[in-house]
Amino acid sequence: MATSQDRDAREPERDAKRLKTDARAAPGAEAARESRVSAFEPQRVLRDSAREKNVFIHGKIDDQEAVVILEKTPIRQDTLPEIFKTSTLRLEMRNDIYSTFHMQPPSHLNEIKTTVICPATEKHVKKYLHQEIFLIEESGDDYRNITLPYISSQSFSVQWVYNILEKKAEADRIVFEDPDAHVGFVLLPDFKWDQKQLDDLYLIAIVHRRDLKSLRSLTSDDLPLLRNIREKGLEAIQKQYCVPPCKLRVYLHYQPSYYHLHVHFTSLDYEAPGCGVERAHLLSDVIQNLEADSSHYRHRSLSFALRADDALLLRFREAGKL
Ligand code: M7G
């Protein structure tokens, strides 16, 4: 049973939760109108998961290609009293000590997180389509000869990143900024996180420098930048959300989807998509590797998984590397 001391210790965390929740409350009708979600005409399900309780749908909004992602969000502890008090219940079955119900909470406790990408490119549609995956082992030379020419011509636009750095979008969501041109970055909630509970906390730190595409771009010259992100990012998250560094997984993706250097901060309790060993590189390991060898990421082989329909996979195949 929780003591009053336990409760006091948890209060800042709860306050952080509540604070964010209240700040994020927006008039639903207005938000829907802005993104024209109600005009979405679904055409096919790209992927769905009963376990993750999400579905990725390809369709159209006013004749424009669109991808819409629907996701049921975790149940917040601070809403439990209200859920039990205000929901309607219908008994499904009862047997001995066991019973199951259909519970219908009021609509504000029953939201579906909705992400809209419109206009969506063919690459977006492919990103979310369920596909067989293959592991690639990319040497430093493979990066320079195969991957770099490909990503220079084919990668997703990073306009959304520039909009954040230039405060043209999501400015009100920034949790912390170090404006320094060399070691500075912007820390804000990833759009996968609705900020309603800390269980699936997910923030990204986006560097101000525009010359760093990915892990492969890094040398020991970038250590001050990486150390700064680790130190100030962790400090800002502790301050804002009362989540200590030992509860966070801090990493870079290789390959990323967006080739502008950024670092992921996710709750250790949350198995974030892309936190597996074939994609996530812990920031602390990256720092140590660069401390030991400035050109570690220039030469070392890096493994990652690619989907069957990924054009980069085709290039590796054509080069006889698969
Ligand atoms: P990534 O490693 O390049 O690729 O990470 P991934 O999307 O395959 O993981 C980019 C991160 O930025 C992801 O965690 C995305 O969810 C997040 N992200 C992408 N977009 C387009 C936005 C956006 O517009 N705003 C915010 N806040 N996050 C985004």
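In this text, all values refer to a predicted model and were calculated from it rather than measured experimentally. Remember, it's 1-based here, ligands and their atoms both numbered in the order they're listed.
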Rest of the hydrophobic cluster containing I75 (Ile/Leu/Val/Met/Phe/Trp/Tyr, side-chain heavy atoms under 4.5 Å)?
L80, I83, F84, L89, L91, F101, M103, L109
Under 3.5 Å, sequence neighbours excluded: what are the donor-acceptor pairs made by side chains of residues 314-322?
unit_1, atom_1, unit_2, atom_2, d
K321, NZ, D142, OD1, 3.2

Do the side chain of R36 and the main chain of D62 share a donor and acceptor less than 3.5 angstrom apart?
no
Please confirm whether R47 makes a cation-pi placement over Y128, using NZ or CZ under 6.0 Å from the six-membered ring centre and within 45° of the ring normal.
no
Compute whether any side-chain donor of one residue and acceptor of the other, for K127 and S257, lie under 3.5 angstrom apart.
yes
For a quick check: using heavy atoms under 4.0 Å, what are the residues in contact with ligand 1, sorted by chain and number?
K127, W160, E170, R173, P189, D190, F191, K192, Y202, I204, H253, P256, S257, Y258, H262, H264, R279
Would you please name every residue forming a salt bridge (Lys or Arg N to Asp or Glu O under 4.0 Å) with D141, sequence neighbours left out?
R144
